[in-house]
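Report on the structure given below.
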Amino acid sequence: MPPCTALCLCVCAAGLFGEDLLQRGYHRDREVLTYIAVHPGVATRHSAQAIGASERVVARNLDRLTSDRLLVLDADDATPALRSYRLAS
């Protein structure tokens, strides 16, 4: 296989992998948003346990959803794992 073709295949594979990661992040956003809608005021730690994701990943999703103004911070605890959120009105 010529080097150009191999490089093209590597770049395409990397692009598809990146797209898959991005879509997985959006899928997790939807899971987190749905969980918060049903359980307003729940702590990040409990949301992560219920969804089956790490607290760090869920905290990142919550930050993104808050930045997008879909959620608001309900209780701003110093520890990110204990912060709670609710749907924005």
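Because only heavy atoms are used, hydrogens play no part in the values below, and waters and symmetry mates are left out as well, while side chains stay in.
Hydrophobic clustering, with ILVMFWY side chains joined whenever heavy atoms are under 4.5 angstrom apart, keeps L33 apart from V72. In the hydrophobic cluster analysis, where Ile, Leu, Val, Met, Phe, Trp and Tyr join through side-chain heavy atoms closer than 4.5 angstrom, V57 is grouped apart from I36. Transitive grouping of hydrophobic side chains (ILVMFWY, heavy atoms separated by less than 4.5 Å) brings L62 and L87 into a common cluster.
Of all the heavy atoms in A88 and R69, the pair that sits closest is CB-O, 3.3 Å. Taking both residues in full, the closest heavy atoms of P80 and T44 are given as O-OG1, 3.2 Å, listed atom of the first, atom of the second, then distance.
Not a single donor-acceptor pair under 3.5 Å links the side chain of S84 to the backbone N or O of D74.
Side-chain contact between N61 and E31 is absent, with no heavy atoms from C-beta onward closer than 4.5 Å.
Going from atom CZ of R60 over to atom OG of S54 covers 7.0 Å, rounded to the nearest 0.5 Å.
Under the salt bridge (Lys or Arg N to Asp or Glu O under 4.0 Å) criterion, the residue pairs touching residues 42-59 are R45-E55, with sequence neighbours excluded.
Of the residues listed (L70, L65, D63), the one engaging Y85 in a side-chain contact (heavy atoms from CB on, under 4.5 Å) is D63, and it is the only one.
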